[in-house]
There are 2 protein chains.
Amino acid sequence: MTTSVQHALEQLKVSGVRITPQRHAILSYLLESMEHPTADEIYRSLEPQFPSMSVATVYNNLKMFIEAGMVHELTYGDNSSRFDANITDHYHVICQQCGKIEDFSYPSLEAVEQQAARHTGFQISGHRMELYGTCADCRGLNQQ
Amino acid sequence: MTTSVQHALEQLKVSGVRITPQRHAILSYLLESMEHPTADEIYRSLEPQFPSMSVATVYNNLKMFIEAGMVHELTYGDNSSRFDANITDHYHVICQQCGKIEDFSYPSLEAVEQQAARHTGFQISGHRMELYGTCADCRGLNQQ
DNA sequence: ATTTCTGCAAAGAGTTTGCATCCTA
DNA sequence: TAGGATGCAAACTCTTTGCAGAAAT
């Protein structure tokens with residue numbers, strides 16, 4: 001875990017990005033939490049460590065990480081964006097009751113992309129999929 | 001086209017919803033445009049017809065149509081929500097250059113849902129997928 | 001006559017921006 | 001020390017809300 005933070009920071013450094021304590025903290029939090037937090041959750045979680053850090057800094061850095069390809073922005077309906085530092089190919093399963101997002105792997109849906117290209121004339125560069133349902137915890141609570 | 005507007009309005013009427021001119025216009029626009037407009041696009045498009053209509057009315061009615069199951073809200077990244085009155089099962093192919101959204105049908109991805117259920121313990125109720133790429137028009141412009 | 005809907009304006013969330021100051025490299 | 005990063009506050013966009021007046025049934 002810590003290693004991948006180091007690795008990511010190295011990558012940034014090489015491309016001329018300065019490693020500030022805030023930057024380090026935000027990236028570490030994202031990589032270690034694996035929780036798909038919102039910008040505000042990141043901000044509040046790091047408040048004890050950085051009482052004077054502003055939300056703008058969180059947004060600035062998230063934007064940079066996204067441009068550097070280290071973080072993905074998830075926008076599913078409702079309200080604020082969530083951020084995901086796991087850039088391996090995977091989908092998200094979202095609990096409609098508690099909002100939890102779990103990762104889920106599935107062999108690529110290339111066939112879908114190909115058919116979309118054929119039907120629409122688009123040149124397809126990727127796709128995004130989310131599954132919705134109720135997580136085990138919420139189902140358990142309901143059954144009691 | 002017009003028939004489906006009538007049908008939708010009938011459906012609303014039966015469930016005790018009043019058919020106001022604004023409501024009629026918003027729904028017609030959505031059903032006929034097939035363009036996945038934003039709330040503001042709807043608002044501005046209907047301004048000539050309803051110079052005094054407020055944005056709040058557009059949002060109020062969209063919300064009601066969504067609750068009635070006649071309209072889907074699409075939230076893909078960037079900024080404002082888009083609204084889709086086509087409730088048949090289909091996916092969206094989004095041009096990353098001009099923002100155009102095209103519909104695209106594909107046989108259901110039940111296998112994915114089943115595997116997600118097995119892997120995560122969720123009870124899956126549905127999914128959402130979007131494909132990204134470049135539309136024929138934008139590709140054409142680039143090639144020139 | 002009721003009850004719902006509209007329009008207005010103001011409030012609210014999330015996000016971005018401008019600028020002076022700070023600090024990493 | 002020089003240029004990028006931070007922090008602050010204000011601005012901006014999208015969306016929601018409260019309420020008085022208007023309109024549909």
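Note on naming: letters A, B, ... go to the chains in the order of the sequence lines (proteins, then strands), and numbering restarts at 1 for each one. Just the heavy atoms: all of them, side chains too, but no hydrogens, waters or symmetry mates, feed the values below.
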The correct set of residues in residues 18-29 of chain A placing a heavy atom under 4.0 Å from DNA chain D is R18(A), T20(A), Q22(A), R23(A)

Of G16(A) and F50(A), the one whose closest nucleotide on DNA chain D sits nearer the 5' end is G16(A)

Notebook entry, point to check: Can you find a pair of side-chain heavy atoms, one from D103(B) and one from H36(B), that are under 4.5 Å apart?
Noted result: yes

Within less than 4.0 Å of OP1 or OP2 of dT15(C), is there a side-chain N or O belonging to S81(A)? yes

Between CZ of R44(A) and C1' of dA13(C) the distance, given in whole Å, is 13 Å

- Query: Is there a chain of hydrophobic side chains (I, L, V, M, F, W, Y, each step under 4.5 Å between heavy atoms) that links L74(B) to M129(B)?
  - Reply: no

Per atom distances to the S52(A) side chain, the nearest of dT6(C), dC8(D), dA5(D) is dC8(D)

Between CG of L12(B) and C1' of dT25(D) the distance, given in whole Å, is 15 Å

The side-chain contact (heavy atoms from CB on, under 4.5 Å) partner of F83(A) among E73(A), E41(A), H72(A), E35(A) is E73(A)

Requested in this report: Output yes when a side-chain donor or acceptor of R128(A) lies under 3.5 Å from a complementary backbone atom of Y132(B), and no otherwise.
Outcome: no

Aromatic rings F104(B) and H119(A): how do their planes relate, parallel, tilted or perpendicular, breaks at 30° and 60°? perpendicular

Regarding the side chain of A56(A), the nearest nucleotide among dG7(C), dT17(C), dA25(C) is dT17(C)

In whole angstroms, the gap separating P of dT21(C) from CE of M53(A) amounts to 22 Å

From CD of E41(A) across to P of dA13(C) the rounded distance in Å is 16 Å

note: E47(B), atom CD; dT6(C), atom P; distance rounded to Å ~ 17 Å

With the side chain defined as heavy atoms from C-beta on, Y59(B) is closest, among dT15(D), dG7(D), dT16(C), to dT15(D)

When rounded to whole Å, the CD1 to C1' distance for the pair I66(A) and dT15(C) reads 12 Å

Residues S80(A) and T38(A): closest non-hydrogen pair is OG-CG2, 3.7 Å

Quiz item: Does a side-chain N or O from T57(A) land closer than 4.0 Å to OP1 or OP2 of dG7(D), or not?
Solution: yes

field: Side-chain N or O of N60(A) closer than 4.0 Å to phosphate OP1/OP2 of dG7(D)
entry: no

Here the distance between atom P of dT25(D) and atom CD of E10(B), to the nearest Å, is 11 Å

Any base atoms under 4.0 Å from D40(B), or only sugar-phosphate, or nothing? Heavy atoms, all strands.
nothing

Please work out whether the ring planes of H90(B) and H92(B) are parallel, tilted or perpendicular, with thresholds of 30° and 60°.
-> perpendicular

N61(A) atom CG is separated from dG4(D) atom C1', nearest whole Å, by 12 Å

